[in-house]
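Contents: one structure, followed by commentary.
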Amino acid sequence: MILNTFKRNIWIISFGFIFAIFSSNYNFYFESNQNTYLLHAFLLRNPDALTADWYSNTVDGTPVFSYVTSFLFELGNLFVINFNKFFEILFFIFLAKIILKEHPRAEQLQLSLIVLLLAFLSNLYPEFLWGVKRQFILGHIYQPSIFGVLYLPALYFYLKGKNFLALLLIFTATLFHPSLFFTSASIGLIFLINLKNQRKRILFFILGATSLLPTIFYTYMNIYDPKFSEIAAEILVNYRIPHHADLMSFGERDIARILVLVIASFLSRDLLLKKIFIFAAGLMLIYLLLFILIDSNSLYLLFPLRISILLVPVALALIFVEFFIKVKNYIFKSRSNKNILFFSILITLIFAFMNVKIIFNKKINPYLNWVPFANPEMVWLTPINDPSGGFVQGIRLNLLQPIFVDKKSHPINNKEIAEWKRRIDLTNMFYLAKNKNEQISALEKINRISEIKYILIDKSQSLFIGSEIVFSYYNLELHQIN
């Protein structure tokens, strides 16, 4: 069924809402990186919370995101926690629009369903639509990186010739997540190269370069510290985020994702999109070779291959749709379009149902039983290697409980990163102590920084110092020091 523009948009928007509603990406408490990136936004609305917590008083690396999100907190924590649903709608709408632009005379309802099926599939197998180095455009939570979804409408409008609207969207993504700086510059460069009008190129370059200046200025004034920049970069690349930043560990899956872009460039029927795929794959290979040759941790933190978060989902969707069209033409050519549509709906419903099952398994809030034991005046010492698969990181926001340090939530300022690592090392020294003297010595060093009265341990762990068990839940025990 070839739909007119109005009907096509209604179907796409409707499918976008269906994806967001039935997607498994619901959360019922602050989860994963939200405990890092939503903290400053929460504190803007609740300035008296977590005053005894060191990390809560560090420099905010995403100030625009925090400021805007602070207003969303007026609608309640759950609204903010699940605001990723808005971006799921955007993600589907513009991914579908890009694919349908490739096939203006195809059965658009069927192709929209294939994209919807792909979207549901990516929730069940998150790595499926990931870019290179385990980075992605649409994660399972609301956090600054989700503003990378704005790259999809930017690409769509660029393909439609609305170049400066595309540039505005790229700028907005960078404004909300400054870490996207180099990615935005790379996308802007590819768009610039493919502009035919020289006057537009010059204007596009001037506006693009100017739009990145606020990020550069904020980074220089609030994040960069020449005394600590090298050690901070080393800590992040080699300890905290090697899975994202260390290009020396470039793996087979990463190579496969670059090949996906190459395959998509052959399959694409849109000449401009074909060029974008080719330029992106070429640029990524140049970056990879250049950055490995220079071997600078500071340069690795530019995340030079992150451009793949935009183009890998588009490439895979394009490949899926082309495969569907080939199968339909050669295997199901004797079937009516109604039968094929029914089959597509059935498969999509199965994947939607599988997503809904996951939602019901996520409802249990592991923090509820700990609420009576939280004390905003006392700092907890918590293990670095989280024995409960993410519970420790969530203590700060879900219980409003100050903690000494946790491995997942690192600051952004160079000097504060060095302090964070010092706290990590001292905490490890305490938990890995082999006898009472070692543990007491480590605790004394920690107490010089922040007085500790409560210690969280795994039940299988040894606590040599005198303490009393305050609460025990599953594999965790909270001890009060005597």
Side-chain angles (χ1 to χ4, degrees), residues 27-36 39 49-58 235 239-241 362 364-411 416-417 419-482:
N27 295 290
F28 300 94
Y29 48 88
F30 295 105
E31 175 122 359
S32 186
N33 280 350
Q34 288 186 331
N35 292 285
T36 301
L39 179 63
L50 294 167
T51 54
D53 183 76
W54 170 75
Y55 178 69
S56 299
N57 294 285
T58 58
I235 289 167
Y239 178 75
R240 175 59 186 88
I241 49 171
K362 294 169 71 175
I364 298 172
N365 186 339
Y367 297 96
L368 291 177
N369 293 292
W370 292 83
V371 171
F373 305 95
N375 187 333
E377 304 300 323
M378 299 291 182
V379 179
W380 288 8
L381 187 66
T382 56
I384 298 305
N385 297 315
D386 193 340
S388 54
F391 177 83
V392 168
Q393 185 197 9
I395 289 174
R396 190 180 277 117
L397 259 184
N398 288 295
L399 294 179
L400 296 183
Q401 172 60 54
I403 62 175
F404 184 67
V405 72
D406 76 277
K407 185 176 180 179
K408 187 82 171 171
S409 302
H410 69 84
E416 291 171 345
I417 290 170
E419 169 61 19
W420 169 79
K421 185 59 167 64
R422 181 169 77 106
R423 287 171 173 251
I424 292 282
D425 292 341
L426 287 173
T427 304
N428 273 329
M429 192 184 301
F430 175 85
Y431 282 99
L432 298 176
K434 296 177 181 178
N435 55 59
K436 185 176 180 178
N437 289 336
E438 286 184 7
Q439 208 161 64
I440 289 174
S441 174
L443 186 59
E444 285 175 350
K445 292 176 182 178
I446 290 169
N447 278 327
R448 291 190 197 118
I449 301 171
S450 180
E451 187 179 10
I452 302 296
K453 290 293 185 183
Y454 292 89
I455 298 172
L456 190 71
I457 67 165
D458 189 328
K459 287 182 180 179
S460 63
Q461 211 161 12
S462 297
L463 195 61
F464 300 108
I465 61 175
S467 65
E468 177 186 348
I469 298 176
V470 176
F471 185 60
S472 178
Y473 189 72
Y474 285 109
N475 63 324
L476 294 173
E477 288 179 346
L478 181 64
H479 287 245
Q480 183 176 8
I481 301 172
N482 294 333

Between [X] and [Y], is any pair of side-chain heavy atoms under 4.5 Å apart?
X	Y	value
Pro366	Tyr29	yes
Asn365	Phe28	no
Ile395	Asp406	no
Ile403	Leu456	no

Spacing of [X] atom [atom1] and [Y] atom [atom2] [to the nearest 0.5 Å]:
X	Y	atom1	atom2	result
Tyr454	Gln401	OH	CD	9.0 Å
Asn375	Leu400	CG	CG	12.0 Å
Ile446	Ile449	CD1	CD1	7.5 Å
Ile384	Ile424	CD1	CD1	3.5 Å
Leu426	Leu381	CG	CG	9.5 Å
Thr382	Leu478	OG1	CG	11.0 Å

Kindly say whether [Y] contributes a backbone atom to a donor-acceptor pair with the side chain of [X] at under 3.5 angstrom?
X	Y	result
Arg396	Asn35	no
Asn398	Phe30	yes
Gln393	Ser32	yes

For the student: nearest non-hydrogen atoms of [X] and [Y], plus distance:
X	Y	result
Glu31	Asn27	OE1-OD1, 3.6 Å
Ala52	Pro376	CB-O, 3.8 Å
Glu416	Trp54	O-CH2, 3.6 Å
Gln439	Phe464	OE1-N, 2.6 Å
Ser409	Trp420	O-NE1, 3.2 Å
His479	Glu477	NE2-OE1, 3.0 Å

Next item on the list: Please determine, by modelled atom types, if Asn369 and Tyr473 share a side-chain donor-acceptor pair under 3.5 angstrom.
Entry: yes
Check: Going by distance alone, is a donor N or O of one side chain under 3.5 Å from an acceptor N or O of the other, for Thr36 and Lys408?
Finding: no
Checklist line | Criterion side chain to side chain contact (heavy atoms under 4.5 Å, CB included) against Ser56, the qualifying member of Leu397, Thr51, Leu50 | finding: Leu50
Check: Trp370 vs Phe471 aromatic rings, parallel, tilted or perpendicular, using cut-offs 30° and 60°?
Finding: perpendicular
Next item on the list: Please determine if Lys407 forms a cation-pi arrangement with Tyr239, meaning its NZ or CZ atom is less than 6.0 Å from the six-membered ring centre and no more than 45° off the ring axis.
Entry: yes
Check: Any chance NZ of Lys436 has more than 12 other-residue heavy atoms, nucleotides or ligands included, within less than 6.0 Å?
Finding: no
Next item on the list: Count the heavy atoms belonging to other residues, nucleotides or ligands that lie under 6.0 Å from NZ of Lys453, then report whether that count exceeds 12.
Entry: no
Next item on the list: Kindly indicate, with the supporting measurements, whether the criterion side-chain contact (heavy atoms from CB on, under 4.5 Å) is fulfilled by Phe430 and Thr427.
Entry: CA-CA 5 Å; Phe430 175 85; Thr427 304; 5.6 Å; no
